[in-house]
Amino acid sequence: MFAYPSGDLHIGHWYAMTPPDTRARFMRMRGYNVFFPIGHDAFGLPAENAAIKRSIHPKEWTYANIERMDKQLRMMGNSFDWRAELITADPEYYRWTQWWFLQFLEAGLAYQRMSPVDFCPSCNTTLAREQVQGEDRHCERCETPVIRKDLKQWFFRTTAYAEELLDYSQLDWPEHVKTLQRKWIGKSEGANVVFHTEAGDPIEVFTTRPDTLWGVSFMVLSPEHPLVAKVTTDAQRAEVEAYQIQAKNQSDMQRESTDREKTGVFTGGYAVNPASGEHIPIWIADYVLMSYGSGAIMAVPAHDQRDFEFARAFELPIKIVIQPEGLELPAPEEMTESVQASGAMVNSGPLTGTPAEESFETALAYVEEHGIGERAVNYRLHDWLVSRQRYWGAPIPVIYCSSCGTVPAPEDQLPVLRPDDVEWLPTGESPLKLHPDWRFVSCPKCGGQAERETDTMDTFMCSSWYHLRYLSPHYNEGPFDPDAFRYWMPVDTYTGGIEHATMHLIYTRFFHKAARDIGVLTGDEPMLQLRNQGMVLGEDGEKMSKSRGNVIAPDELVARYGADTVRAYLIFFSRWQMGGPWSSTGIEGNARWLRRVWYMFQEPAEEGATEQTLRALRRKAHQTLKSITWDFENFEFNTIVSSLMELLNEMARAKNAGAWGSDAWNEAVRLYLLMMAPVTPHIAEELWQKLGYGYSVHQQAWPEVDEEACVEDKITLVVQINGKLRDRIMLSPGFSDEQARATALSSPVIQEALEGKTIRKVIVVPGKLVNVVI
RNA sequence: GCCGAAGUGGCGGAACAGGCAGACGCGCACGACUCAAAAUCGUGUACCCUCGGGUAUGUGGGUUCGAUUCCCACCUUCGGCACCA
């Protein structure tokens, strides 16, 4: 478990942590040694925002929050191992975050290049995406429109692992998380094809449709493409440059949106289609992103919808080169959309007539034979930008020397401490740049004058390896103790919100694989089993927020109901994977449940139940144990509490019928407390001791199901006619299909309904159901 | 816009490999206890109805003896979209 110290503990924290805690406790009772750690992801933007707003040092704000949240975390009654608590903002931790950076640098997995940031010219500061708001992309603080500024920044080569990241064979992860990651990584197979401008400059494009090469009627470059200036004619220059400026300040998401009118500008330049030899105009348009592929595309309007819309908007030619079988295609000028269906190649020079199923490979072979391109795989995944122009993060441990260039900070000098006495208010520079003592150092190589990198690291860096630090949070010889690694890793069960699917969970997998290849650790994956919780919404069904005034504060609930009731309600009110709206009347039901348990187990009653009552009680107790065991294993927490409630209702009936004092009653009570223990640990322990079982319920083994006790005396045979329920017949278990069929057909209700009808078929579901088809 | 998830009574939800839709809880109604109230306990609670049944799991189709469950299309809501974590 890993909490961001944002202030007070939120009900969402409880939801993320308590159901997994019940499972951790359950697994311990089943005999596993469960490590359930807690820590704080303490660097990041909110600390700086709060600091600016309240004029308080980010460090002071963060550590005060941690202190408060630790107290609140202890109120949850979770079985955290506090000995392993860690804080990523501690030098003891970020020393090793920096160490990882140096390993990646040495392994060639870290590099620098120019990359744009969002910048507010009025606040004079780099902005995070979430600080940029609205269609016009303005600064959240001062509403000034944001500009894009190019800075030299550090990247990790996540793309080097794109292919391996697509392999989930070792993982028990939810299908939709894997799907999200696959889409995020975005593998496409095709070809890199080289066009040339009329002046002879090569323009490489990536295409997934080499079979449409003869249908290319124009090219589109990203407005940032390096060749734009060169191909633009003087007549078009003013228009092109104006468009470049406009495109620059749009987000990629805005630019990729397919429901906008296509915009673009003709550069005046032409390129030559390497297949057909045709001369085609070169345009620039913002729907082509520099960050994907080569930043240039060959446009095939007849067979690509975005290209089609662009061609229509600017009256560019459309040429059909794929003829789907049996489909009458309109003339290009009458088309209303591109033709996506596969088909034989037409109007394609030497490849005309190639059938659909061969077109991709044949076209690819043609491209390679003629030396105009080659087979290529492209990924949507970017390299990971790790530089942040911020104060509250781990400094990137690099020194720039005028003679030696980029020099890693020597390992024995880690951590590169983040100085406390800086101006952390926005100034337009990385705050660390304004700290002269800190910034200027001597070069570790030549001893000459040098300066430190003043950017800090993305906090995703801290959270990519925290599970390793939990193993040995105070270990000094390395980021983790290898013995502990061998004992515990990989993480067996990892839980978190679905919002982490594509970022944190890709970063941490990349990190692990990179660390494996560097030789620091073993294994291919950091976390084997993943499960996601949903979100607790406000009583109005909306996301909780201070501005909506629908925030539920767990502290007040604990004061009013106690931690056990809050825990029980949280796992009861909805499916954990789903989440849902809070209900302040709903929690009353769980408070009532615990009060009922308390009195029912302790207040004596009349004795003398029938054998039948006791057998029914025992049956229900063991059936409940069976289903709860399944539920814990499968993260189906809400039915754990409802099953316990059902059992309690059965126990109330049995107690009224004189079960008190019987062996069956005592067994049911004992099982009940053991089953409650993971969910409501405090009240279970209290009752366990009051009833004389000693210390402690939490050290007991999970009980065994008595399968024989679970067997029903009577089974309801459901009889349907044409799939509609017509009768229910009570039978002793163990009847054959033939008996079921005979019994069903001889039922008076069925006989009456079948009067004068012909039976076409009788379907028997063994031990359950008979369906008569007429 | 793209990607993902979800739509079941007045409400939250259950139905574990396609086989009794609505477990459990909330709310509500009635009753018991009480001078009274709260708490507690008990009973009932999808809709329509000619009391035999009929209709119901976002909408429309499909597969099947049988669909909340599988397939297709659509609608609505929620989450993510790379510098929030």
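Letters A, B, ... are given to chains in the order of the sequence lines, protein chains preceding strands, and every chain is numbered from 1.
- You'll find that the side chain of A:H382 is closest to B:A82, out of B:G80, B:A82, B:A23.
- Within 4.0 Å (heavy atoms only), A:V177 reaches no atom of the nucleic acid at all.
- Using cut-offs of 30° and 60° on the angle between ring planes, the pair A:Y569 and A:W582 is perpendicular.
- The residue A:L381 sits close to a base: some heavy atom pair falls under 4.0 Å.
- Here A:S627 pairs with nothing under the side-chain hydrogen bond (donor to acceptor under 3.5 Å, both in side chains) rule; sequence neighbours left out.
- Under the side-chain hydrogen bond (donor to acceptor under 3.5 Å, both in side chains) criterion, A:T97 pairs with A:W465, sequence neighbours left out.
- Checked by distance alone, A:E48 brings no side-chain donor or acceptor within 3.5 Å of a matching partner on the base of B:C84.
- Residue-level contact check: A:R726 touches the backbone only, with heavy atoms under 4.0 Å from sugar-phosphate atoms and none from bases.
- Spacing between B:U34 and B:C48 at atom P, rounded to whole Å, works out to 38 Å.
- Atom CZ of A:F511 is separated from atom P of B:A82 by 22 Å (rounded to the nearest Å).
- Heavy-atom nearest nucleotides on RNA chain B were determined for A:T502 and for A:A652, and the one closer to the 5' end corresponds to A:A652.
- Within the 4.0 angstrom heavy-atom criterion, no nucleotide atom of any strand lies near A:E752.
- In this structure, A:I396 atom CD1 and B:C83 atom P are separated by 13 Å, rounded to whole Å.
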- Task: Start with the C-alpha gap between A:F101 and A:W154, add the side-chain angles, then the distance that decides, and say whether ring pair (Phe, Tyr, Trp, His ring centres under 6.0 Å) holds.
- Result: CA-CA 10 Å; A:F101 182 93; A:W154 284 98; 5.3 Å; yes
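- For the salt bridge (charged side-chain N to carboxylate O under 4.0 Å, His left out) test, residues two or more places apart in sequence or in another chain that qualify with A:R388 are A:D458.
- Within 4.0 Å of A:F460, counting heavy atoms only, lies at least one base atom of the nucleic acid.
- Classification of B:G9 as syn follows from a glycosidic angle within 90° of 0.
- Nucleotides B:A82 and B:U76 have their P atoms positioned 25 Å apart, rounded to a whole Å.
- Rounded to whole Å, atom P of B:U64 lies 12 Å from atom CZ of A:R760.
- Summary of the strand contacts: A:N590 and A:V773 both lie near RNA chain B, and taking for each the nucleotide with the nearest heavy atom, the more 5' one is attributed to A:N590.
- Taking atom C1' on both B:C47 and B:G22, the two are 13 Å apart, rounded to the nearest angstrom.
- Using a 4.0 Å heavy-atom distance criterion, A:S387 is classed as a base contact.
- Applying the salt bridge (charged side-chain N to carboxylate O under 4.0 Å, His left out) rule to pairs touching residues 153-162 of chain A yields nothing, sequence neighbours excluded.
- Remark: A:E542 pairs with A:R548 by the salt bridge (charged side-chain N to carboxylate O under 4.0 Å, His left out) rule, at least two apart or across chains.
- Using a 4.0 Å heavy-atom distance criterion, A:L537 is classed as making no nucleic acid contact.
- Put simply, A:N532 has no side-chain N or O that comes within less than 4.0 Å of OP1 or OP2 on B:A5.
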If you look only at distance, which donor and acceptor atoms sit under 3.5 Å apart when one is on a side chain in residues 758-774 of chain A and the other is two or more places apart or in another chain?
{"from": "A:N771", "atom 1": "OD1", "to": "A:N722", "atom 2": "N", "distance (Å)": "3.3"}
{"from": "A:N771", "atom 1": "OD1", "to": "A:G723", "atom 2": "N", "distance (Å)": "2.9"}

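- Across all strands, A:W593 comes closer than 4.0 Å to no nucleic acid atom at all (heavy-atom distances).
- Considering only the side chain of A:L180, B:G79 comes nearest among B:C83, B:G79, B:C65.
- Rounding to whole angstrom units, NZ of residue A:K724 and C1' of B:U64 are separated by 15 Å.
- As rounded to the nearest Å, B:U63 and B:C72 have C1' atoms that lie 11 Å from one another.
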Below 3.5 Å is the cut-off: list the nitrogen or oxygen pairs between protein and nucleotides 27-33 of chain B, distance only.
none

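- For the pair A:K149 and A:F119, the cation-pi criterion (under 6.0 Å, within 45° of the ring axis) is fulfilled.
- Here the separation of B:C51 from B:U64, taken at their P atoms, is 37 Å to the nearest Å.
- Nucleotides B:A56 and B:A21 have their P atoms positioned 13 Å apart, rounded to a whole Å.
- Every residue two or more places apart in sequence or in another chain that forms a salt bridge (charged side-chain N to carboxylate O under 4.0 Å, His left out) with A:R575 is listed here: A:E636.
- For A:Q112, the side-chain hydrogen bond (donor to acceptor under 3.5 Å, both in side chains) partners at least two apart in sequence or on another chain are A:Y400.
- A donor-acceptor contact closer than 3.5 angstrom links the side chains of A:S747 and A:D727.
- A search for side-chain hydrogen bond (donor to acceptor under 3.5 Å, both in side chains) contacts involving A:Y4 returns nothing, not counting sequence neighbours.
- Atom NE2 of A:H176 and atom C1' of B:C78 are 12 Å apart (whole Å).
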- According to the Watson-Crick and G-U wobble definition with distances under 3.5 Å, which dot-bracket string, read 5' to 3', encodes RNA chain B, using [ ] for crossing pairs and | for pairs with another strand? (((((((..(((......[....)))((((((.......))))))(((....)))..(((((..]....))))))))))))....
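- In this structure, A:M645 reaches the sugar-phosphate backbone alone: every heavy-atom distance under 4.0 Å involves primed, P, OP1 or OP2 atoms, never a base.
- Whole-Å rounding puts the A:Q181 CD to B:C81 P distance at 14 Å.
- Separation of the C1' atoms belonging to B:C71 and B:C26 is 37 Å when rounded to the nearest angstrom.
- Within the 4.0 Å cut-off from OP1 or OP2 of B:A82, not a single side-chain nitrogen or oxygen of A:K183 is found.
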- Message: Protein within reach of the bases, or only the backbone? For nucleotides 6-21 of chain B, mark each nucleotide 5' to 3' as B, S or -, using heavy atoms under 4.0 Å.
- Response: S-----BSS-B--BB-
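- Whole-Å rounding puts the A:I498 CD1 to B:C3 P distance at 16 Å.
- In this structure, the CG atom of A:D727 is 10 Å from the P atom of B:G53, given to the nearest Å.
- A gap of 15 Å separates the P atoms of B:C78 and B:G13, to the nearest Å.
- Residues A:Q153 and A:S387 have side chains that never bring a donor and an acceptor to within less than 3.5 angstrom of each other.
- Comparing B:G4, B:C83, B:G79 against the side chain of A:Q389 picks out B:C83 as the nearest.
- Residues A:D304 and A:S338 bring no donor and acceptor atom of their side chains to less than 3.5 Å of each other.
- Between A:R596 and the phosphate of B:U40, there is no side-chain N or O to OP1/OP2 separation shorter than 4.0 Å.
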